[in-house]
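Step one of this worksheet: look at the structure below.
Because the structure is predicted, anything quoted here is derived from the model rather than measured. Quick note: numbers below take in every heavy atom, side chains included, and nothing from hydrogens, waters or symmetry partners. Lettering of chains follows the sequences in order, A, B, ..., and the numbering in each one begins at 1.
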Amino acid sequence: MQYAVNEKGFYGDFGGAFIPEMLFPNVEELRQKYLQISSTKEFKKEFDDLLKHYVGRPTPLYFAKKLSEKYKTQIYLKREDLNHTGAHKVNNTIGQILLAERMGKKRIIAETGAGQHGVATATVCALKGLQCIVYMGEVDIARQAPNVARMKMLGAEVRPATSGSKTLKDATNEAIRDWIGNPEDTFYIIGSVVGPHPYPDMVARFQAVISEEIKKQLQEQIGRDYPDYLLACVGGGSNAAGTFYHYLDDQRVQLFMAEAAGHGIDTDKSAATSVLGTEGIIHGSRTLLMQTEDGQIVEPHSISAGLDYPGIGPLHAHLIKTGRARSFPVTDRESLDASFMLSRTEGIIPALESAHALTILEKYDFGKEDIVVLNLSGRGDKDLDTFMKYMDDYAK
Amino acid sequence: MQSKFEELFHSGDKLLSIYMTAGFPNLNDTVPILKALEANGVDFVEIGMPYSDPLADGTTIQQSSQKAISNGMNLNTLFAQIKEARKEVSMPFVYMGYLNQLMQYGLEKFCKACIDAGIDSLIIPDLPMDVYEEEHKAIFDDYNLGMSFLISPQSGEARIKEADRLSHPFLYQVSSNAITGAKSGISKAQLDYFGRIESMGLKKPKMIGFGISSKETFEQACRRANGAIIGSAFIKAISQEGSIESKVEEFIKSIRS
Ligand SMILES: Cc1ncc(COP(=O)(O)O)c(C=O)c1O
């Protein structure tokens with residue numbers, strides 16, 4: 001596996017665990033146990049059972065006929081939006097809660113941006129009867145109100161992060177600080193392929209079920225088990241990592257990632273890390289991030305709270321640097337266009353995050369016979385407030 | 001440069017070190033604060049380069065850092081201020097900052113600037129010991145810049161010994177499982193931990209930091225180490241109204257009178 005993590009937690013130049021000593025024992029305990037526990041038969045059985053009967057997997061791989069006609073190519077949507085709780089995030093939280101349980105942890109913390117990971121964490125905590133505290137930026141609490149309500153309904157405590165840009169990066173800082181103060185009883189469920197090793201690898205493994213299913217479903221539907229293109233949006237990169245996972249070394253498959261350009265990559269309101277980022281350290285990982293000349297992390301912007309993050313996971317930084325994957329910056333407006341387009345073409349309201357990936361259909365000229373699999377990472381219910389604001393622009 | 005530290009640690013005195021956020025409360029307060037600290041008998045100082053995302057810091061240092069950044073503090077300004085202070089201040093200067101800023105500045109250029117400004121040693125809380133030894137140590141050694149590593153109550157014995165081996169001129173003993181910030185007192189569990197570390201017979205001098213905020217907690221820490229470091233409580237004190245000189249004098253007197 002050319003793109004697998006090495007034993008020190010690096011993907012090429014990226015990854016590792018750049019953390020203060022106070023965090024070292026927590027992270028080290030996880031590093032020693034995550035593979036050992038998650039590779040047992042007993043763990044796999046409960047993981048698979050929950051994904052099947054509780055989450056509702058496998059999610060459909062849907063041939064989008066009208067969309068395919070519109071873009072003159074063969075488009076399949078991987079319907080992660082149909083998962084319980086409405087996004088791919090729950091694949092990972094199921095995996096991590098089972099680990100937490102087996103490590104004897106009683107208190108769960110998480111960070112969230114769009115609130116999807118927060119909801120997915122609150123859900124599995126309710127399922128397992130564990131205490132749940134979710135850190136969420138004050139700005140995100142305001143723009144993703146339905147998910148805040150869902151977390152509370154599920155019995156979680158939502159703690160506002162009030163430092164910095166008051167979005168995902170700051171919520172992550174707060175969760176890490178909490179973990180420093182609670183090293184023994186607390187498990188930190190990270191929501192994407194970011195953070196210190198082993199998180200990027202662990203989260204990618206739990207999300208890998210997405211590409212495992214794509215393989216089987218393509219084989220059944222078209223008689224070959226790989227597409228020509230895989231498309232996914234990238235915030236931290238977990239849904240993309242899961243979509244790419246079993247194809248990373250398969251050079252027949254091109255990997256396209258959509259990043260949030262916000263108002264545009266030539267403005268100061270953007271979150272397109274692979275274009276605007278430089279190498280550095282964020283949340284304990286050496287990767288690409290948006291920073292000033294003086295090494296201060298930049299406050300990003302995206303209409304989509306789940307992509308409003310100034311870094312990308314170390315795997316993605318490696319895929320970009322080696323040319324294995326290609327990145328497309330997508331503006332707020334383009335993602336709104338795509339949200340309304342998909343809703344009215346296929347009767348599927350996508351999450352704003354996922355809509356970023358849809359815009360690649362506009363930006364790249366796919367061949368008529370090309371098989372294009374797009375990971376529809378989540379549903380748009382949480383974004384209805386935002387969509388309503390722009391409804392007049394899209395009058396039928 | 002290291003001989004100033006050697007003298008201090010050989011004196012047998014219980015050392016008082018202060019952490020300050022550079023460029024706080026105002027951009028140009030760094031030099032007057034350094035002068036006032038020396039004038040009031042502080043033994044050495046940790047000069048904190050403000051960072052946007054200080055993972056190991058509590059609200060007080062987060063807020064002072066945000067203020068200092070918006071005041072316009074950056075590395076070049078900091079080096080210029082330290083150089084200015086060096087003309088009159090002779091106590092050792094320890095630079096404290098996060099790894100990202102150092103990487104962005106460039107390691108070699110950073111070391112040169114430190115030496116040129118008069119910095120004696122460094123604390124980079126998110127620089128792992130193995131990465132330091134494999135990738136960076138040779139460069140820091142060339143410039144004769146020491147590095148202090150952190151140990152915490154959760155650190156295993158082997159790691160403590162590793163930190164002891166690599167740290168120079170002192171080992172940084174974090175007082176509890178916590179980020180920086182003033183706490184009400186020192187618990188029995190913390191005192192036990194201080195005792196446990198002391199009885200390990202480590203080779204390097206130890207300074208205890210994080211949560212040391214008063215005369216009482218300072219003295220408790222000093223009983224089991226070569227001295228202690230006060231940060232957030234000092235930042236709070238100089239956030240008050242009044243002249244730098246009087247605020248520093250009043251605070252240091254409250255700790256060591
Ligand atoms: C629906 C959806 N897609 C994508 C993302 C982005 O995360 P990642 O890049 O880790 O998949 C989020 C994050 O909240 C999300 O809710």
Item to check | Most chain B-contacting option - heavy-atom pairs closer than 4.5 Å, from A/Leu23, A/Val298, A/Ile297 | outcome: A/Ile297

Pairs table: donor-acceptor atoms between chain B and chain A closer than 3.5 Å:
unit_1   : atom_1 : unit_2   : atom_2 : d
B/Pro50  : O      : A/Gln296 : NE2    : 3.0
B/Ser52  : N      : A/Gln296 : OE1    : 2.8
B/Ser52  : OG     : A/Ile297 : N      : 2.8
B/Asp53  : OD1    : A/Lys169 : NZ     : 3.2
B/Asp53  : OD2    : A/Lys169 : NZ     : 3.0
B/Asp53  : OD2    : A/Asn173 : ND2    : 2.8
B/Pro54  : O      : A/Arg177 : NE     : 3.4
B/Pro54  : O      : A/Arg177 : NH2    : 2.8
B/Asp57  : O      : A/Arg177 : NE     : 3.0
B/Leu75  : N      : A/Asp294 : OD2    : 3.2
B/Asn100 : OD1    : A/Ile281 : N      : 2.8
B/Asn100 : ND2    : A/Gln291 : OE1    : 2.9
B/Asn100 : ND2    : A/Gly295 : O      : 3.1
B/Gln104 : OE1    : A/Gln291 : NE2    : 3.2
B/Gln104 : NE2    : A/Thr292 : O      : 3.4
B/Glu134 : OE2    : A/Lys8   : NZ     : 3.1
B/Glu135 : OE1    : A/Arg286 : NH2    : 3.3
B/Gln154 : NE2    : A/Glu184 : OE2    : 3.0
B/Ser155 : OG     : A/Glu21  : OE2    : 3.0
B/Arg159 : NE     : A/Glu21  : OE1    : 3.1
B/Arg159 : NE     : A/Glu21  : OE2    : 3.0
B/Arg159 : NH2    : A/Glu21  : OE1    : 2.8

Checklist entry - Side chain, backbone, both or neither: which part of A/Ile282 has an atom under 4.5 Å from a heavy atom of chain B? => result neither

Next on the checklist: Out of B/Leu55, B/Leu150, B/Ile179, return the one with the most heavy atom pairs under 4.5 angstrom to chain A.
Outcome noted: B/Leu55

Item to check | Counterpart residues, side chain to side chain contact (heavy atoms under 4.5 Å, CB included), relative to B/Leu191 (two or more places apart) | outcome: B/Ile186, B/Phe194, B/Gln220

Checklist outcome for this item: Here the pair of heavy atoms bringing A/Ala17 nearest to B/Pro128 is O-CG, 3.4 Å

Checklist entry - So which part of B/Ile151 gets closer than 4.5 Å to some heavy atom of chain A, the side chain, the backbone, both or neither? => result backbone

Item to check | Engaged part of B/Pro153 at the chain A interface, taking heavy atoms whose separation is under 4.5 Å | outcome: neither

Checklist entry - A/Phe24 versus chain B, heavy atoms under 4.5 Å apart: side chain, backbone, both or neither? => result side chain

Next on the checklist: Tell me every residue that passes side-chain hydrogen bond (donor to acceptor under 3.5 Å, both in side chains) with B/Asp141, counting only those two or more places apart in sequence or in another chain.
Outcome noted: B/Lys137

Next on the checklist: Checking B/Lys188 now: which residues fulfil salt bridge (Lys or Arg N to Asp or Glu O under 4.0 Å) with it, not counting sequence neighbours?
Outcome noted: B/Asp192

